[in-house]
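Step one of this worksheet: look at the structure below.
Side chains included, hydrogens not; waters and symmetry mates left out as well; all remaining heavy atoms used. Numbers restart at 1 for each chain; the letters A, B, ... are given by sequence-line order, proteins then strands. Keep in mind that what you see is a predicted model, and the values were worked out from it rather than measured.
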Amino acid sequence: GAGVSQTPSNKVTEKGKYVELRCDPISGHTALYWYRQSLGQGPEFLIYFQGTGAADDSGLPNDRFFAVRPEGSVSTLKIQRTERGDSAVYLCASSLLREGREQFFGPGTRLTVL
Amino acid sequence: QQPVQSPQAVILREGEDAVINCSSSKALYSVHWYRQKHGEAPVFLMILLKGGEQKGHEKISASFNEKKQQSSLYLTASQLSYSGTYFCGTPVNNAGNMLTFGGGTRLMVKP
């Protein structure tokens, strides 16, 4: 079946602009995660959805970052007033609800803030 | 706190073995291992759970020492396809499957 998909694959924006990054999880996966990966580093947890609600958003760096998952499937990560330090690859992953389950990662969106 | 991985990089000849270590400063109830090739998404390798349960692939083995808060990934008879960056991940908290990842170990297998 289809894996996790993310769009766009690349996004170049200017400092101060607003961006939206989309994630389509694997069908039937109720858990969805957003991570951010900087060059040469491991993925950094941002936010976790269980169904439609954000179960844990403790990884969001500040209030410029926000994510939604209104129907419990597709999720959108929104970044306001982008800064150069936001440049990274944003990864989305999904898994079955239970703990100890493998996460399936999408290919990521490479965000570059000029 | 993110786990600490060692070594940071390994270069092997095809057929050689390697061990990648992951240690945490906090008590663990699971350790997750992923491999990421350049420009690609991380791919699941293995989950080790408290109590000794493992879920993963047949050709890769790992250990989990709960007392020492450490895990090791064993790559035997390495193949060219094993090249990539290996990450261990540990739960952010006990309430979900969110992971905090180590800095990674870059493995290069040469012919």
Item to check | Leading residue by heavy atom contact count with chain B [cutoff under 4.5 Å; candidates A/Gly108, A/Pro43, A/Gly42] | outcome: A/Pro43

Item to check | chain A contacts, top residue of B/Pro42, B/Gly103, B/Gly39 (heavy-atom pairs, under 4.5 Å) | outcome: B/Pro42

Checklist entry - Checking heavy atoms, do the side chain of A/Phe104, its backbone, both or neither come under 4.5 Å from chain B? => result neither

Checklist outcome for this item: All heavy atoms of A/Ala31 vs all of A/Tyr48, minimum pair found to be CB-CE1, 3.8 Å

Checklist entry - Does NZ in B/Lys37 sit with more than 12 non-hydrogen atoms of other residues, nucleotides or ligands closer than 6.0 Å? => result yes

Checklist entry - Relative to chain B, which segment of A/Pro107 carries a heavy atom at a distance below 4.5 Å: side chain, backbone, both, or neither? => result backbone

Checklist entry - Relative to chain B, which segment of A/Glu44 carries a heavy atom at a distance below 4.5 Å: side chain, backbone, both, or neither? => result neither

Item to check | Contact origin within A/Gln6 toward chain B - heavy atom pairs under 4.5 Å | outcome: neither

Checklist outcome for this item: Joining Ile, Leu, Val, Met, Phe, Trp and Tyr whenever any side-chain heavy atoms lie under 4.5 Å apart, the cluster holding A/Val12 also takes in A/Leu114

Item to check | Partner of A/Leu77 under side chain to side chain contact (heavy atoms under 4.5 Å, CB included), chosen from A/Leu21, A/Thr109, A/Leu111, A/Val68 | outcome: A/Leu21

Item to check | Residue of the set A/Ile26, A/Leu91, A/Leu32 for which side chain to side chain contact (heavy atoms under 4.5 Å, CB included) holds with A/Val4 | outcome: A/Ile26

Item to check | Contacting moiety of B/Gln5, where chain A heavy atoms sit under 4.5 Å | outcome: neither

Checklist entry - With respect to B/Pro3, which candidate in B/Leu99, B/Leu28, B/Thr100, B/Val31 satisfies the side chain to side chain contact (heavy atoms under 4.5 Å, CB included) definition? => result B/Thr100

